[in-house]
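Working notes, structure below.
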Amino acid sequence: MPSRAQRTHRLVLRAAGRVLERTGFLDFTMAAVADEAGVSRQAVYDHFGSKSDLVVAASEHILDEARRRHGLAPLPAGASGLDALDHAIADYVRTVPSVHGVAVANDVARASDPAAQAAWANRTRVRRERYQRVFEQLDHDGRLRPEWTAKEAADLLFGLLSARMYEVLVIEGGWTVERYEQRVRRLVRDAVLDEAGAAVAAAPA
């Protein structure tokens, strides 16, 4: 059975997710989260020491809820690099409709708010590192074209999986989320994966 501290932690986190979705970053305050959760402001600070820490945790909570709704389970151990690539693309594209408003609000806020900049930098770093690990695995498997580095391939994927790209293609362009996912997957495979290398790697020894 969860302890009282664990229950309070979850209560504050869920409340923070709801406040963040409603207000974006600029109007997100520890006091608003405390009111939403029905706890003291001190209780919020006891579990999350700063606004940026709480925003990062709340953003991840919103993402986790979106992943759960879309059935995006973690990859099993030993998954191939190609499976990891497809999973990374699906993870972003299928959850971005749920977090787009929060992402845009945080992007605007980070120009003037150090806490927003810290939260943004943390999320950016986590995604870039994940994508680079995917391409490092593909490179190890002989699947990356020789003219590409894992970092360059990760940069390309990060650019394609961005709030602005989602706006241009889905919101403004009228693409479905499914089409966005399919096109990004095909584009990245065509651009950076070495099919000849894949055939060699798959050949019997």
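Remember, predicted model here, so these are calculated numbers, not experimental data.
One distance of note links CD of Glu167 with CE of Met165; it measures 11.0 Å at 0.5 Å rounding. For the atom pair CG of Leu82 and CZ of Arg189, the computed distance is 4.0 Å after rounding to the nearest 0.5 Å. With values rounded to the nearest 0.5 angstrom, Arg164 atom CZ is found 9.5 Å from Leu169 atom CG. Atoms CG and CG, from Leu144 and Leu193 in turn, are 7.0 Å apart once rounded to the nearest 0.5 Å. To the nearest 0.5 Å, atom NE2 of residue His47 and atom CD of residue Gln42 are 10.0 Å apart.
Residues Val126 and Val134 fall into different hydrophobic clusters, defined by Ile, Leu, Val, Met, Phe, Trp and Tyr side chains chained together at heavy-atom separations under 4.5 Å.
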Just do the side-chain contact (heavy atoms from CB on, under 4.5 Å) check on Arg130 and His87 with the steps written out, would you? CA-CA 11 Å; Arg130 178 187 180 183; His87 188 276; 2.7 Å; yes
Steps toward side-chain contact (heavy atoms from CB on, under 4.5 Å) verdict (Tyr131, Leu156): CA-CA 10 Å; Tyr131 298 163; Leu156 173 65; over 6 Å; no
Intermediate values then yes/no, salt bridge (charged side-chain N to carboxylate O under 4.0 Å, His left out), Asp155 and Arg128: CA-CA 7 Å; Asp155 289 343; Arg128 284 186 178 276; 2.8 Å; yes
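Scanning all heavy atoms of the two residues, the minimum distance from Leu138 to Gly81 falls at CD2-C, 3.5 Å. For the pair Ala32 and Val19, the tightest heavy-atom approach, listed with the atom from each and the gap, is O-CG2, 4.0 Å. Considering all non-hydrogen atoms of both residues, Tyr45 and Met30 come closest at OH-CG, 3.4 Å. The two residues Leu161 and Ile89 come nearest to each other via the heavy atoms CD1-CA, 4.0 Å. Closest approach of Val177 and Pro97 over heavy atoms only: CG2-CG, 4.0 Å. Shortest non-hydrogen contact noted between Trp148 and Ala191 is NE1-O, 3.1 Å.
Looking at Phe158 and Thr124, their side chains come closer than 4.5 Å, going by heavy atoms from C-beta outward. In this structure, the side chains of Thr149 and Phe135 stay at 4.5 Å or more apart for every pair of heavy atoms. Side-chain contact between Leu157 and Tyr92 is absent, with no heavy-atom pair separated by less than 4.5 Å. Proximity of Val192 to Arg145: side-chain heavy atoms (C-beta onward) are nowhere separated by under 4.5 Å.
In this structure, Arg22 places its CZ atom where more than 12 heavy-atom neighbours from other residues, nucleotides or ligands lie under 6.0 Å away.
Taking the six-membered ring for Trp and thresholds of 30 and 60 degrees, Tyr180 and Trp175 have ring planes more than 60 degrees apart, a perpendicular arrangement.
No side-chain donor-acceptor contact under 3.5 Å links Gln182 and Glu178.
Looking only at distances, no side-chain donor or acceptor of Arg185 sits under 3.5 Å from a matching main-chain atom of Asp86. Panel note: side chain Gln137, backbone Ala79; a donor-acceptor pair is recorded below 3.5 Å.
Considering Arg68, His61, Arg69 in turn, Arg68 is the only one that fulfils the side-chain hydrogen bond (donor to acceptor under 3.5 Å, both in side chains) rule with Glu65.
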